[in-house]
Amino acid sequence: MESSKYRLSEMASRWVILVMLVLIPLVFPTNPAVPFNEYKSLILHLGAVILAIILALDSIWNYKANIFRPSLISSGGHWLRDADRTIMVGVIMLGGSYLIATVLSPSPRISFLGFSENYSGNSGYDVLSLVVVFVSVIIHARKLEHMRFLLNSLAAVATVAAIYGLLQVHGWDGIGSRQELSRPVSSFGNTLNFAGFLVVSIPITLFIGMSSKRPVWWSTPIGLALGVQLAALWLTGGAAAIASTFISSLALAVISIRYFDRQSAKLFAVTLLSSIAVSLIIVLIPSNIDSSTQQRLLSSATDVRGLLITDEPTSSGGLQARRGIWEAAITSSVNPSIPSSSSVVPDFARIFVGVGPDMFGAIFPISTKPILRLEQQYHPHNVILNIWVSTGFFGLASLAVLALGLARIGLALHRRSTTLTNVDQRTILATFALVTLVSKFLEMQASVPRVSDLLPTMVVLGIVVAAFSLRNE
């Protein structure tokens, strides 16, 4: 039986996460040259500190809240048998690898606090804060209504952000004063960061539209909100984000037809089709900004060709420019070298511990091929390469454990859905959240995620674990 102290800490933790989910995406970026002036990072760090205090108190008050109990790390491969605990171990390993890489970094201060608030989400402080958020979700969002509460909030925030982005397209930006941009950024740092956030919110909004046992008309207002998000995503012109969202929507459509009951599948279809109709109407409204999304998407074929051809990489943009960045990241990971020798770790040992979080900008100029008009890069533009170059093989191992846990959850959900006559709501939620994570992972193969889209990603990851591990409660 839950104690009153646990219920109090549970409620406090959920409200802290809610405040973070609302404020971090919606607060506008400011001048990063002023200390503590990037409110997104500040809110993440402050919220993580509060959540860490709550977790510490829980570990004293309640044995239930202590995820580091012996059963998690017991011998006999227990954590490998349970997919949800495999994910928990993978995330904790990832946080540990970032901590080790930060301590052994050539510049621990930069690796911990970050090189620039323009590139938030990769410093040791940011990653550890996100791990704390993940742990808080799996401990304090243990009930279906708690998970719905967080996901409903995420969908509402995404709709507000999308509406503001559409207003920017039509020449109004009374808060951010960025009307002159060719693509909407809403309250985010850049348009691709905005698109990356929508990659997470769109499948979640789809879940809200079809998960409740309500009349079919209930899906119409949800479809309206989803249509606004789809229109904003299209106008961002982010090819990776649009492609990954298309894949996740198609996958969820197949899953709903194959596994879910007729009412759930009908709600899904009404939500998706009404949202597509709304998005088409919004996109076709004339604006005073040349979005030219179609041209950008059509140029993706040229980008793919530029990625595959043997010509020298360029700094002009697109996948061909990213190829040069990726090659430099691989070179730095396989044969690490830093501008000045580290007094702590020799270069060859950095194969295992990496060059340190947010240190890619220091090694990029000496790792990349000489090209005309070289532009400095501070991020590998690929989540796997970023973890590899920052934390070495230790970070890659944690990513492999995390991927193993997610794959096993996917297989378990498949088996569960095929053996049940009526799939329960927790299984549906876990399925949608898992597909959301996969689509976000695909999008991050060619993007630079920041705290504003990494926070909801970690919340959804925590919900996958919570929904799957407590499915029988």
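- Residue pairs meeting the salt bridge (charged side-chain N to carboxylate O under 4.0 Å, His left out) criterion with at least one member in residues 14-27, sequence neighbours excluded: Glu10-Arg14.
- Of the charged side-chain nitrogens involved, none lies within less than 4.0 Å of a carboxylate oxygen, so that Glu145 and Arg148 do not count as a salt-bridged pair.
- Asn190 meets the side chain to side chain contact (heavy atoms under 4.5 Å, CB included) test with Leu192, Asn193, Arg450; sequence neighbours excluded.
- Taking the salt bridge (charged side-chain N to carboxylate O under 4.0 Å, His left out) definition, one finds that Lys40 meets it with nothing, sequence neighbours left out.
- The aromatic rings of Tyr125 and Phe112 lie parallel to each other, with less than 30° between the two planes, well short of the 60° mark.
- Taking the six-membered ring for Trp and the full ring otherwise, Phe188 and Phe197 have centroids separated by under 6.0 Å.
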Inset, instruction - Would you check, one step at a time, whether the test side chain to side chain donor-acceptor pair (under 3.5 Å) holds for Asn386 with His381? - result: CA-CA 7 Å; Asn386 184 50; His381 291 71; over 6 Å; no
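- Ring geometry for Trp15 against Phe149 counts as perpendicular: the plane angle is over 60°, on a 0 to 90° scale with 30° as the lower cut.
- Under the salt bridge (charged side-chain N to carboxylate O under 4.0 Å, His left out) criterion, Asp126 pairs with no residue at all, not counting sequence neighbours.
- Applying the side chain to side chain contact (heavy atoms under 4.5 Å, CB included) criterion to Ile50, with sequence neighbours excluded, gives Val16, Leu46, Ile54.
- Between the side chains of Gln168 and Ser186, not a single donor N or O lies within less than 3.5 Å of an accepting N or O.
- Thr436 is linked by a side chain to side chain contact (heavy atoms under 4.5 Å, CB included) to Val200, Pro203, Ile204, Val460, counting only residues two or more places apart in sequence or in another chain.
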